[in-house]
Amino acid sequence: MAKGGSALSPAAVISQERAQQQAAALAEEVSCPTSSIQEMVSCLRQKPASVLNDAQTKLLAVSGPFHYWGPVADGQYLREAPARALQRAPRAKVDLLIGSSQDDGLINRAKAVKQFEESQGRTSSKTAFYQALQNSLGGEDADAGVQAAATWYYSVQHSADEYASFSRALENATRDYFITCPVIDMASHWARRARGNVFMYHAPESYGHSSLDLLADVQYAFGLPFYPAYNGQFTLEEKGLSLKIMQFFSNFIRSGNPNYPHEFSRKAPEFAAPWPDFVPRAGGENYKELSVLLPNGQGLKSADCSFWSKYIPSLKAAAAAADEAKHGLSAESEEDDGPVNSGLVGEPGSKSYSK
């Protein structure tokens, strides 16, 4: 079971060099020494979490709200990137339940960065949006073409110079790139390789209580509406929804299928339409929406994810081909003009070659 995470996300791992750079930047921000890794780590561990969080928010506002932290493929604890490990044949069949929330993962960080920008008086310009988006997308191998395309795609509908609109577009772009589309790619990859049955869900924005700092799928799947500490914060309708979602999830844990409590069961729940499995083909990319009627959907974010899974790879391929052609012409030019570059000057109009 995976909530809002995917091994195919650009944020799945980061390089050791980048991790050290980010740690050093954070250390400098909170007045910790950086000359020694041991001293730096020791100092950071002594800082209160609130101090580190405030410093990180400030750094994210400067470098992009999704200048993310992540595990490092160090060859010891994490031997290789998860995406590479997925290419190997599975040892056993494993059923997968995977999904995301409209306010998933890094989106809360974007809102924190927005608050920081507002405190600095930068609320009436799209400059902050463009800068944050360009800094955010592309992972470690940031590509100017990808950044420009994403900036256009997610801001094309916003002609007014309104900060809120651009901030919203930034949230949509980063959610799709880092979370939702990688989750869909993971579901497709798992189902295509027959590694097990796949079930996907999505929680719309209107069904989360943002004041709890927990995502909607977590709130309902773990029964938060029934916790005494949250008494009065959830309606009877939301409590009923939580019971149904808990039933679906517990069924999956027991049987590998959210519809049946046991492997031998074949009686689907009566409280909602059966949860369809995810099949990687047109008309088969089904998912369950975690809203009051628990409806089934199809083709979640198909247009937006097509932008990332089809257009962006073709854009990168075209750029790589152009770069290769440019380098090829450059190499050929260097070979033709070798004597000039090597200091061997021939007769005017003639060519000399040095082997």
Side-chain angles (χ1 to χ4, degrees), residues 1-19 66 68-101 104-106 136-143 146 150 174-202 215 217-218 221 249 252-253 255-258 275-282 284-288 298-302 304-317 320:
M1 188 179 296
K3 295 176 176 293
S6 169
L8 301 179
S9 171
V13 292
I14 64 175
S15 69
Q16 187 168 358
E17 179 183 7
R18 178 177 176 183
F66 300 98
Y68 49 86
W69 295 84
V72 173
D74 59 358
Q76 183 176 356
Y77 294 100
L78 187 60
R79 297 186 181 276
E80 61 182 337
R84 183 182 298 249
L86 282 174
Q87 300 305 314
R88 291 195 295 273
R91 296 183 178 181
K93 174 185 174 182
V94 178
D95 297 317
L96 175 67
L97 191 151
I98 190 170
S100 59
S101 171
D104 218 334
L106 303 171
S136 301
L137 302 177
E140 291 187 55
D141 301 319
D143 184 297
V146 172
T174 46
R175 179 193 301 112
D176 293 346
Y177 179 67
F178 285 102
I179 302 165
T180 306
C181 296
V183 161
I184 297 170
D185 288 343
M186 182 69 175
S188 180
H189 174 87
W190 204 262
R192 190 170 57 249
R193 293 194 165 224
R195 294 174 181 246
N197 298 316
V198 177
F199 301 91
M200 192 172 76
Y201 70 82
H202 183 70
L215 301 172
D217 51 350
V218 175
F249 277 49
F252 176 81
I253 292 170
S255 68
N257 189 316
W275 193 325
D277 57 346
F278 182 99
V279 181
R281 57 173 169 75
E285 296 184 344
N286 304 299
Y287 68 95
K288 175 69 70 176
Q298 198 173 86
L300 176 66
K301 295 268 188 178
S302 57
D304 298 327
C305 293
S306 179
F307 171 80
W308 291 112
S309 64
K310 295 180 180 178
Y311 176 70
I312 291 301
S314 66
L315 180 66
K316 287 184 174 181

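One is the number of the first residue; the rest follow in order along the sequence.
- Rounding to the nearest 0.5 angstrom, the gap separating the OG atom in Ser100 from the CG atom in Asp217 is 8.0 Å.
- Note that CG of Leu86 and CZ of Arg193 are 8.0 Å apart. Values are rounded to the nearest 0.5 Å.
- Ring geometry for Trp308 versus Tyr177: interplanar angle of 30 to 60°, hence tilted.
- Minimum interatomic distance between Ala7 and Ala12 (heavy atoms only, all atoms of both residues): O-CB, 3.6 Å.
- Taking Asp277 as the reference, nothing meets the side-chain hydrogen bond (donor to acceptor under 3.5 Å, both in side chains) condition, with sequence neighbours excluded.
- To the nearest 0.5 Å, the span separating CD on Glu285 from CD1 on Ile184 amounts to 7.0 Å.
- The OH atom of Tyr201 sits 12.0 Å away from atom CG of Leu300, with the distance rounded to the nearest 0.5 Å.
- In this structure, the side chains of Val72 and Ile14 come closer than 4.5 Å at one or more pairs of heavy atoms.
- At most 12 heavy atoms of other shown residues, nucleotides or ligands fall within 6.0 angstrom of atom CD in Glu17.
- The minimum heavy-atom distance linking Phe278 with Ala191 is given by the pair O-CB, 3.7 Å.
- With sequence neighbours left out, the side-chain hydrogen bond (donor to acceptor under 3.5 Å, both in side chains) criterion links Gln298 to Asn286.
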Could you please spell out the steps behind the side-chain contact (heavy atoms from CB on, under 4.5 Å) verdict for Trp275 and Leu97? CA-CA 11 Å; Trp275 193 325; Leu97 191 151; 4.1 Å; yes
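- Between Phe252 and Leu96 the shortest heavy-atom distance is CZ-C, 3.6 Å.
- Residues in residues 70-87 take part in these salt bridge (Lys or Arg N to Asp or Glu O under 4.0 Å) pairs, two or more places apart or across chains: Glu80-Arg88.
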Let's go through Trp190 and Val94 carefully: what are the C-alpha distance in whole Å and the side-chain angles of both, what is the deciding distance for side-chain contact (heavy atoms from CB on, under 4.5 Å) to 0.1 Å, and is it a yes or a no? CA-CA 9 Å; Trp190 204 262; Val94 178; 3.9 Å; yes
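- Counting all heavy atoms, side chain and backbone alike, Gly99 lies closest to Met200 at CA-CG, 4.5 Å.
- Here Ser309 contributes atom OG and Leu8 contributes atom CG; the two are 12.0 Å apart, rounded to the nearest 0.5 Å.
- The two residues Ala81 and Ala73 have their closest heavy-atom pair at N-CB, 4.3 Å.
- Take Asp176 and apply the salt bridge (charged side-chain N to carboxylate O under 4.0 Å, His left out) test, not counting sequence neighbours, and it matches Lys301.
- Qualifying side-chain contact (heavy atoms from CB on, under 4.5 Å) partners for Lys93, counting only residues two or more places apart in sequence or in other chains: Asp95, Asn197.
- Residues forming a side-chain contact (heavy atoms from CB on, under 4.5 Å) with Ala221 (at least two apart in sequence, or on another chain): Lys3, Ile245, Phe249.
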